[in-house]
Amino acid sequence: MISILEGVSDPEIPVLSIMDMGVVREAIEQNGIVRVKITPTYSGCPAMDVIGDDIVSAFAKAGKTAKIQLVLAPAWTTDWITPRGREALEKYGIAAPLSPEADKEALLGNKKIVKCTNCGSTETHLVSQFGSTACKALFKCDTCQEPFDYFKCLK
């Protein structure tokens, strides 16, 4: 089952499998049906319907029937992104989530230091709290001038 689930990509970040993203909570086969529990990265994430359909299709290709159950508690956290997933994010041009403490620096009036995924510079600045999706923020590098997404830290 794991190899099938690892073949299902996050539709918003195709270089990440749903396993690396940490949205799969459980997969159990009972009476010939695979029951897969998934947790959205945030409430109302539009990708969850696509992910559910992709899981069902992936299992159907393997000759199995799958049923999807959306699980909202506990809430998904960026801690569930695997190290391989974090590496894939960076290579894809999306800065991986910082620690929760680093994300809260803005509350103290301090600048959040996010490393540029293009050149590695830490001379970057926030352009918008929302990037290509609601779970990302848009940053720009002051060194290479390239914009890039930052995956927000969610706890």
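Note that the structure is predicted; figures quoted are calculated from it, not measured.
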Only one of Asp149, Val15, Thr117 passes side chain to side chain contact (heavy atoms under 4.5 Å, CB included) with Tyr92, and that residue is Val15
Separation between CD (Glu29) and NZ (Lys64), nearest 0.5 Å, reads 3.5 Å
Using a cut-off of 6.0 Å, state whether more than 12 heavy atoms not belonging to Lys115 lie near its atom NZ. no
Note: Arg86-Glu90 ion pair, threshold 4.0 Å (strictly below): no
Tell me whether Tyr150 contacts the main-chain N or O of Leu126 through its side chain, where contact means a donor paired with an acceptor under 3.5 Å. no
Any link between Leu70 and Trp80 through a network of hydrophobic side chains (Ile, Leu, Val, Met, Phe, Trp, Tyr) touching at under 4.5 Å? yes
Considering residues at least two apart in sequence or located in another chain, which fulfil the side chain to side chain donor-acceptor pair (under 3.5 Å) criterion with Glu123? none
How long is the gap from NZ on Lys136 to CG on Leu89, to the nearest 0.5 Å? 8.5 Å
Minimum side-chain heavy-atom gap Val23-Pro40 below 4.5 Å: no
Mark yes or no for whether Thr124, through its side chain, and Val114, through its backbone, hold a donor-acceptor pair below 3.5 Å. yes
For the CG atom of Leu138 and the CZ atom of Phe148, what is their distance to the nearest 0.5 Å? 8.5 Å
Does Cys141 offer a backbone N or O that forms a donor-acceptor pair with the side chain of Glu146 under 3.5 Å? no
Is there a side-chain contact between Lys67 and Phe59, using heavy atoms and a 4.5 Å cut-off? no
Would you say the side-chain atoms of Arg84 pair up with the backbone N or O of Ile81, donor to acceptor, closer than 3.5 Å? no
Using only atom types and a distance under 3.5 Å, with no angle test, would you say the side chain of Trp76 pairs donor to acceptor with the backbone of Met21? yes
With side chain to side chain contact (heavy atoms under 4.5 Å, CB included) as the criterion, how do Met19 and Thr82 come out once you've worked through the C-alpha distance, each side chain's angles and the decisive distance to 0.1 Å? CA-CA 8 Å; Met19 294 297 284; Thr82 66; over 6 Å; no
Begin with the C-alpha distance, continue with both residues' side-chain angles, and end with the deciding distance and a verdict on side chain to side chain contact (heavy atoms under 4.5 Å, CB included) for Gln30 and Arg35. CA-CA 8 Å; Gln30 295 173 320; Arg35 300 188 185 283; 3.7 Å; yes
Rounded distance [0.5 Å steps], CD1 in Ile51 versus CD in Glu12: 7.5 Å
Could you tell me the separation between the CD atom of Glu26 and the NZ atom of Lys37, rounded to the nearest 0.5 Å? 4.5 Å
In short, Asp10 meets Ile18 closest at the heavy-atom pair N-CG2, 4.2 Å
First locate atom NE2 of His125, then atom CZ of Phe139, and finally report the distance between them rounded to the nearest 0.5 Å. 9.0 Å
Is any side-chain heavy atom of Leu98 closer than 4.5 Å to a side-chain heavy atom of Cys153? no
